[in-house]
Every structure is written in structure tokens, then in C-alpha cells.
Amino acid sequence: MRRFETRAVHAGERRGGGGREPATSNPISTPIYASTTFWHPDVQTTDRVLGGEEAGYSYTRYGNPTVTAFEEAVAALESPRGGARSFAFASGMAALHAALLAAELSPGGRVLAAEQLYGSTATLLVQIFGSSGVEVRFADFYDLKSLQRRVEELTPRALVVESISNPLLRVADVPRLAELSRSAGAALIVDNTFGTPYLQRPLELGADIVVHSATKYLSGHGDLTAGVVTAGPPYDAALDQVRKLTGGILGPFEAWLALRGLKTLPLRVERQCENSTRLAGFLAEHPKVRRVNHLSMEDHPDREVARRTLSGPSGLLSFELDTEGREGVFRFLNALEVCVRTPSLGDVYTLATHPATSSHRDLPPSRRERLGVGENLVRVSVGIEHPEDIKEDIARALERV
Ligand SMILES: *Cc1c(COP(=O)(O)O)cnc(C)c1O
């Protein structure tokens, strides 16, 4: 099997243009197949393609070569030994919706989700699945003893967790969660957006379904919205069907951009891990900083789990400023010049955000406080710039706190 970096560059590419062009004009980069429909030499072939007896494309909502190229590349990274297929969607939320449907969340069924989930995922569960008769419960996924009791008591159909949580960067113990869900007959769904397949491959650790907001690290340049789900049987057939029928497909242009972004995933994440570790070390020593959350920190509560399940600290960190209220934090954020003030993550640019007024703004302050998201917390998604420029920018802005 070829190595991760090699697969990231080559997997999925359709070289050869389907054998119709002369052998001397084969593109090395898969073209953007901007075509809704595909024709065949005769109607018998169309019949076989539609019937699934012969490989081929018919209608873009069912499949498109540019989108397939991106899906095959993701599958080669998340499931290098094969056995799982990837399905691309128009956004991370559409991908999560499909993953939850594929786990057969139907009226009367229960789902147990981590309290620290991405806000829209929690709201999707409560508002869309909850209102159609699914019982939605939340639990602390980092206390495995009490979680085990909740699983035995609730017998959920699915467990939902993120490989690394936002913004405190708690690390899910995916191997233990997989054992727990397997013994309860539940599907384990892991949102690996923060982890990326470069740092963790949840399917290899026993998870059943892996989801990404490809808007973030997989594409990595802040220029497209996409989602992708990877799973083996029986979930792959369900995902194929859900996508055909709900229609939240990824467009060929976005798939092409995402495939291009994916090629540099290992380079970007490697650099982001290095840059974030340097920045975390600098912040930990700074008098205006009370606490730093980063997986390189000795006092991170999940150091041991991270050592077993992740191959790097990720490019994300958060820190508490030594101030009360939001005024000092706002002065800090407004003073940034290299780092971009915006709530997304995973880009080549360093992005800084204030979780209390962005990702966690809809939560009551008491719940925010319980999750450790205070007014003085800043989250940084470290980019690939020169580390000294990031550090100098943040050092200068810290003087304004
Ligand atoms: C951004 C994000 C999502 C949602 O993805 P979109 O592409 O914005 O729909 C889901 N989960 C996590 C962890 C995210 O960061």
C-alpha cells in the first residue's frame, strides 16, 4: 500500500478521459465534468448502467466523475485498506444529516450525543430528528464509566462524537467508544473534521461512520463548502440511497477544488501542528494568558488518549486571556493584523475567533460556563504562515488586552 502523502496526491484522479480522446491527449488532472447527464452508445448500455449491471454515469445526482474522484481520494485516506466508500455532500451539515439517516434514526429510536458537539449538529439532532420522534440525549463522552451506564440504560441506536472537540480540544477515546457502542449494538458516528485523516482514521479504530466538514481542513483554503461521509456496509448502501433521494450533492466545481486542496493536506497539517505547538508554548509563558488548551500542553486532560489515537496535536488551540468580560478580548481580536478574525477553521490562513459570541452564542451562559467557554476564551486555527509572523502579531495584540 502506498503511503498517505502519495495517496493524497494521486488517489481518485481519472487519468485518460474515459478512453475516448486520442491516447496523446490525456489530462493529468481530472476535468470538471460540468454535465447533468451522460449518454451511452446505445439504449441497452443506458439500461445496464441505470440497472447497476455496468459501471458508468447517467445523471449527476446519482454520480459525477469529478465528484467520484474526490470521493475516492477521501476513501483512500480514511480507509486505506478498503472496505469503505465515501459520499460527498454540499456541506458538512448535509453530510451529518445523511450519516444520521444512514444510522437508521427513526421514530422511537434513541441517539446519544456528546455534550460538546458542534452547535449546528446538536440543533440538527434536537430540531430535525427530535421533532420526528427520535429521542435525543446528550452525555459527557469523556467520562467513560458514566457513559457506559447511560448506554446500557438508553440502548441508543447511534453514538455521535467529534474526534477533537471545539473549543477546548477534548479528545474522544474512539477505540473505547467503539467497544462500548459495539456491545450495545449502536453505530458510532465520528465527526473527524478537527482530526483530519492525517492525524486519525476513526474507521481503523472501530468507528462505523466518519463525517467531515470538507469546508475546513480537507479543502483547506476557505473557498468552498462541502461535506463527506465514509462508511462500509451496511451504511454505504444507505448513504448512496439517502444522497440520491435528498439530493444534497456536491457540485463538480467544488469537488474539483476540494480534490485539489486534499493533495496538500499532509503538508498543511504537518506545518499547522508545528506552528500551533510553537504558538502554544509562547502563549503558556505569556503574563496576559491564564490558560492554554493545546494537545502539547502537559496539563491537557486527554494527553494519554491523544497519544494513543492521534499522530499530532492538530493546528487548533484556545486560550484564556487574563481578563474578565469581553472588552479586553475584543480589543485583542481587533488588533490582529496577520491572523484573520473569523469563526471558521482549517484554512491556510491563521483564523482567530471568540467562541462565546460565535460558535457558542446560542447557548445559555450557564451552559457555556459549564463547557468551559468563558468570555475570556479565544480560539485560534493556526495556518501555514511563518510561525514568527503569527507569534509577533499575537504578541502585539496581547498588549491591547
Ligand atoms: C463546520 C463544521 C460542521 C459543519 O460543516 P459545514 O460545512 O459548515 O456545513 C460540522 N462539524 C464540525 C466539527 C465543524 O467544524
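Remember, it's 1-based here, ligands and their atoms both numbered in the order they're listed.
- Within a 6.0 Å sphere centred on CD of E388, other residues, nucleotides and ligands contribute more than 12 heavy atoms.
- The list of ring-ring contact (aromatic ring centres under 6.0 Å, His included) pairs with a residue in residues 276-335, not counting sequence neighbours, reads F282-H286, F319-F332, F330-H354.
- With sequence neighbours left out, R291 forms a salt bridge (charged side-chain N to carboxylate O under 4.0 Å, His left out) with D299.
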Stepwise ring-ring contact (aromatic ring centres under 6.0 Å, His included) check, Y59 with F38 = CA-CA 6 Å; Y59 187 56; F38 299 83; 9.1 Å; no
Measure and list all N/O to N/O distances between ligand 1 and the protein that fall under 3.5 angstrom.
| residue | atom | partner | partner atom | Å |
| --- | --- | --- | --- | --- |
| ligand 1 | 5 (O) | S213 | OG | 3.0 |
| ligand 1 | 7 (O) | G92 | N | 2.9 |
| ligand 1 | 7 (O) | S213 | OG | 2.8 |
| ligand 1 | 7 (O) | T215 | OG1 | 2.6 |
| ligand 1 | 9 (O) | G92 | N | 3.0 |
| ligand 1 | 9 (O) | M93 | N | 2.9 |
| ligand 1 | 11 (N) | D191 | OD2 | 2.7 |
| ligand 1 | 15 (O) | K216 | NZ | 2.8 |

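- Annotation: ring pair (Phe, Tyr, Trp, His ring centres under 6.0 Å) contacts of Y349 (sequence neighbours excluded): none.
- Residue E72 forms a salt bridge (Lys or Arg N to Asp or Glu O under 4.0 Å) with just one option from R85, R7, R14, and that option is R14.
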